[in-house]
Amino acid sequence: MPWLTVLWLLPAVASVVVLFLPSARATAAKQVGIGAALITAGWAIGLAVAFDAGGDRFQLTEDVSWIPAIGARYSLALDGIGLALVLLTACLAPLLLLAGWHDGGRSARSVHAYVALLLAVESMVLMSFVAVDLLLFYLVFEAMLIPMYFLIGSYGADRPHRGHDGPSDTFGSRAAVRFLLYNLLGGLIMLAALIGLYVVTTRSGDGTFSFTALSELAAGEGLDASSTTLNWLFLGFLFAFAVKAPLWPLHGWLPDAAVSATPASAVMMMAVMDKVGTFAMLRFCLGLFPESAETFAPLVSVLAVISILYGAVLAIGQTDLMRLIAYTSISHFGFIVLGIFALTAQGQSGSTLYMVNHGISTAALFLVAGFLVTQRGSRLIADYGGVAKVAPVLAGTFLVAGLATLSLPGLAPFVSEFLVLIGTYLRYPAAAILAALALVLSALYILWTYQRMFGGAVRQPGPLRDLTLRQKSVLAPLVAALLVLGFFPGLVLDFVDPAVEATVSTEVTR
């Protein structure tokens, strides 16, 4: 059974089916999309059941010849880190499609395209987490930009909001172009590094793009190249992944893109697609270039700390609710990168768990904020007040999601952030201490925002309703996941730790 091929084919085929549905059947397109996403989530859960946490690092392997002339293969495999992110992606997708039930524009054909684009992004992200041929990974790494570009630039602009910078359609197009240019530049540099790595492999035999073969070389006698060459190759890969992550100072595309897209599309980008960057740092940068990772770890750690503090400080100063949440993600991605380049088992396990927990908490916070903003037509924090009195369930959900974002003990992000700080302190005590300052800053921007928007007298004109049944159905699983993983992080760590130990042992060996 080609388990992993079926995993990414399910949403891909559904995307095509949706496009070919009769244009008048917008509801059917949504139903097909959610149905396919639910089947994919069930398939991903089946992968978790079939995966042996105590077995080989890579399991459910598929490997066939793809482009024999250059040694490229259609090679898929799943490890514990990839499994955690596959589950995150597959389980979030149906919730996002349900959350965006009224998104997609006014015409039926536009709705078809919206659903198809979300499914296409899901398919490519899933494939990126299981691809162990570097050329195959590169293709989906770049291809996922196209559907996301259209999601940012073509949807969400039909509902004007107070607080946007200029006409909404112009702003959305500009944000989409900026997103695409940043990421294409990163991909171009990665392509150059990928070609360089392939040339290096031809010196000792047939050229290969196989991650397994390359990582064995890196852990053994090493790649046949000077340390300077390997450093440049490492930086080429790192640059592309840092843009996708995003890491300061390559983060500039994120706030505008997050604000321009619909809430569901923005969550797909920040909570799912951007994890490909941090995942690739852990797998490829550390797995293929352990000595270079050791060399540049102090520099990357400094950039990560800057991202943590920069994102938190700018979040405090935001007057736009959605932009505030976007800057919190920059801060959280800084924590993820810091844990990866601490080069300790605790830091890397914490980072992987953080990828999952950040995806859940950001999805909950951004979606509940989106439900509120959609009603009022304004993203400005100053336009709200006393929301808790007229929409108590919405306010309570926002508070729980916000407390998760500031890593309150008992909620999922706390354990992952704690592990990152411990792992970092073992190697870079000063970086860990500075990063810990973000705990205070995050409490400030979340609690102050909640007080201004949800406390006090009712200020917003016009009716404001509480969460609907559909919206509660979207948010309830996310809140439940935050609570369950807050008390039982081993549900993820049991799969992740063996893969992290393999990565750390490679670094120690070299």
Side-chain angles (χ1 to χ4, degrees), residues 81 85 125 128-129 134 137-138 140-142 144-145 148 178-194 196-197 230-258 269-290 292-312 314 326-343 347-348 351-352 354-355 358-359 362 420 424 428 431 435 438 503:
I81 298 171
L85 296 173
V125 169
S128 71
F129 292 141
L134 269 69
F137 172 84
Y138 171 77
V140 293
F141 182 82
E142 289 291 272
M144 70 180 67
L145 302 177
M148 185 55 68
R178 194 175 189 186
F179 158 82
L180 190 63
L181 291 179
Y182 264 79
N183 284 275
L184 284 179
L185 174 61
L188 181 63
I189 293 176
M190 178 184 170
L191 177 60
L194 182 60
L197 181 61
L230 294 177
N231 286 344
W232 280 112
L233 295 177
F234 167 85
L235 289 174
F237 281 92
L238 179 66
F239 183 89
F241 304 150
V243 171
K244 183 87 79 178
L247 180 69
W248 184 93
L250 304 173
H251 67 284
W253 59 270
L254 178 64
D256 286 348
M269 178 183 66
M270 292 190 298
V272 176
M273 192 188 77
D274 290 354
K275 299 300 189 306
V276 177
T278 48
F279 164 80
M281 287 182 189
L282 186 54
R283 171 168 290 181
F284 299 119
C285 287
L286 273 59
L288 299 180
F289 310 102
S292 298
E294 180 84 21
T295 299
F296 288 98
L299 173 61
V300 179
S301 297
V302 169
L303 296 179
V305 171
I306 294 174
S307 287
I308 292 168
L309 299 178
Y310 172 89
L314 263 67
Y327 276 109
T328 67
S329 283
I330 294 173
S331 180
H332 295 149
F333 274 108
F335 271 107
I336 296 171
V337 175
L338 181 63
I340 291 172
F341 282 91
L343 305 182
Q348 291 176 1
S351 288
T352 305
Y354 211 135
M355 294 183 214
H358 171 264
T362 296
V420 166
T424 302
Y428 305 116
T503 303

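We use all heavy atoms of the structure for the numbers below, so side chains are in, but hydrogens, waters and symmetry mates are not.
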| message | Just to verify, which of V337, I306, I308 counts as forming a side chain to side chain contact (heavy atoms under 4.5 Å, CB included) with W248? | response |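 Passing option: I306.
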| task | May I ask you to check whether H251 and S307 show a side-chain donor-acceptor distance below 3.5 Å? | result |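 No pair is found: no donor N or O on one side chain lies under 3.5 Å from an acceptor on the other.
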Do [X] and [Y] come close enough that some side-chain heavy atom pair is under 4.5 Å?
X    : Y    : result
L288 : L134 : yes
Q348 : L286 : yes
M269 : M144 : no
V276 : V125 : yes
S351 : T278 : no
D274 : S329 : no
Y310 : Y327 : yes
S301 : Y428 : yes

| request: Give me the one residue out of F234, F141, Y138, F279 that meets ring pair (Phe, Tyr, Trp, His ring centres under 6.0 Å) with F241. | output: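 With F241 as partner, ring pair (Phe, Tyr, Trp, His ring centres under 6.0 Å) holds for just one option, F141.
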| field | Identified ring pair (Phe, Tyr, Trp, His ring centres under 6.0 Å) partner of F284 from the options F237, F289, F137 | value |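 For F284, the ring pair (Phe, Tyr, Trp, His ring centres under 6.0 Å) check succeeds only for F137.
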Hey, what do you get for [atom1] ([X]) to [atom2] ([Y]), rounding to the nearest 0.5 Å?
X    : Y    : atom1 : atom2 : value
E142 : S128 : CD    : OG    : 12.0 Å
K275 : I336 : NZ    : CD1   : 5.5 Å
F341 : F296 : CZ    : CZ    : 10.5 Å
L238 : S292 : CG    : OG    : 10.5 Å
L314 : S331 : CG    : OG    : 10.5 Å
L254 : L247 : CG    : CG    : 12.0 Å

What pair of heavy atoms forms the shortest contact from [X] to [Y], and how long is it?
X    : Y    : answer
A435 : F335 : O-CZ, 3.4 Å
M281 : A245 : CE-CB, 4.1 Å
I330 : P255 : CD1-CG, 4.3 Å
A193 : G236 : CB-CA, 3.9 Å
L197 : L233 : N-CD2, 3.9 Å
G277 : K244 : N-CG, 3.7 Å

Determine all donor-acceptor pairs shorter than 3.5 Å in which one atom belongs to a side chain in residues 178-190; sequence neighbours excluded.
from	atom 1	to	atom 2	distance (Å)
R178	NH1	D256	OD2	3.4
N183	ND2	F179	O	2.8

| Is it true that H358 and F333 have ring centroids separated by less than 6.0 Å? |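 Ring centroids of H358 and F333 are less than 6.0 Å from each other.
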